[in-house]
Amino acid sequence: MELEPTILTREEGNVGIITLNRPKALNALNAILIDELLAALRSYDRNSDIGAVVVTGNNKAFCAGADIKEQRELDFVGAYNTDYLKDLNDAIVAIHKPIIGAINGYALGGGCELAMMCDILYAGRGAVFGQPEIKLGTIPGAGGTQRLIRAIGKSKAMDMILTGRTMKSAEAEASGLVAKIFDDEETVTRAIETAQKIASFSAPVVAMAKEAVNEAEELGLKNGLHFESRLYHSSFGLADHVEGFEAFLQKREPRWTHK
């Protein structure tokens, strides 16, 4: 039984902040936590006052992976029919607003995969990333074999996945897995600052930019360029596009209406 909410939510201005809250389990992903996390993300995605979201854990662990006690009861059919990690992956991809992961401590297995589902990753100097599933007799099941190779390349991804070794934040930054690293106590603050900056821009334009970048991983260059150009042309129909150009020419700050 979960005695406390498995996530905590708060807002700072136009930024929604979601904190994973199973500290005794190192924020391991179970069905309850995933349901609450997705409900919070969807709520913020529908909230016009929120322009970006930060997802974080605590200083010891962002998320140590899937809840092994819950998963050990599954056989093939059970795993196939109750694949909440796939549900998590599919649902987060559908969120329009940018998600910044603020990672302190361990981000292992499903926790590393959850981190990679975010649009931008900031990490504390003590953060540790890894896909140790091979040590449990399985493989990553929430995008680890797919996203890690795109983030850090085939050789490093193979090295981590096939040996189960972990990667500290300095190597993660150098490899392209995370955007920036900070002292642990600054990670969440810096993530919120970036989220507030993103949220200060036109919401539909931010959504377009996020969609275009995400599609780059799915499309070849020719189709990706075509997709980008169509979104670019579409932006000319926005009131915020007119406002942005007028504000630039008049040397003033734009007043976005998010339309």
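What you see is a predicted model; the values in this text were computed from it and never measured. Starting from 1, each residue takes its place in the sequence as its number. The basis for the numbers below is simple: all heavy atoms, side chains too, and nothing from hydrogens, waters or symmetry mates.
In this structure, Y106 has its ring center at least 6.0 angstrom away from the ring center of F62.
Among all heavy-atom pairs drawn from L121 and C118, the shortest one is CD2-CB, 4.0 Å. Considering all non-hydrogen atoms of both residues, I152 and M167 come closest at CD1-CE, 4.1 Å. For L231 against M208, the heavy-atom pair with the smallest separation is CD1-O, 3.6 Å. Considering all non-hydrogen atoms of both residues, G51 and A199 come closest at CA-CB, 3.6 Å. Between E113 and E133 the shortest heavy-atom distance is OE1-OE2, 3.9 Å. Among all heavy-atom pairs drawn from C112 and G130, the shortest one is CB-O, 3.4 Å.
Contact of the L108 side chain with the T166 side chain is registered, since non-hydrogen atoms from C-beta on lie closer than 4.5 Å. Here the side chains of E173 and L177 are not in contact, with every heavy-atom distance at 4.5 Å or above. By the 4.5 Å heavy-atom criterion applied to side chains, L88 and M117 are counted as neighbours. Side-chain contact between Y44 and E11 is present, with at least one heavy-atom pair separated by less than 4.5 Å. Between D119 and N214, some side-chain heavy-atom pair lies under the 4.5 Å cut-off. The side-chain heavy atoms of T19 and I7, taken from C-beta on, include no pair separated by under 4.5 Å. Annotation: side chain of R150 is not in contact with side chain of M116 (no heavy-atom distance under 4.5 Å). Between P98 and V206, some side-chain heavy-atom pair lies under the 4.5 Å cut-off.
Classification of R190 and E193 as a salt-bridged pair holds, one side-chain N sitting under 4.0 Å from a carboxylate O. Using a cutoff of 4.0 Å between basic side-chain nitrogens and carboxylate oxygens, D184 and R125 are not scored as salt-bridged.
With Y122 as the partner, the side-chain hydrogen bond (donor to acceptor under 3.5 Å, both in side chains) test is satisfied by one option alone out of T194, T189, N104: T194.
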side-chain contact (heavy atoms from CB on, under 4.5 Å), that's the test. Do I18 and V53 meet it? Break it down for me.
CA-CA 7 Å; I18 300 173; V53 179; 4.0 Å; yes
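Under the 3.5 Å distance criterion, the side-chain polar atoms of S229 are matched with a main-chain donor or acceptor of H226.
Using bins of under 30°, 30° to 60° and over 60° for the plane-to-plane angle, the ring pair F236/H241 lands in the tilted bin.
No donor-acceptor contact under 3.5 angstrom links the side chains of T6 and N21, judged on distance only.
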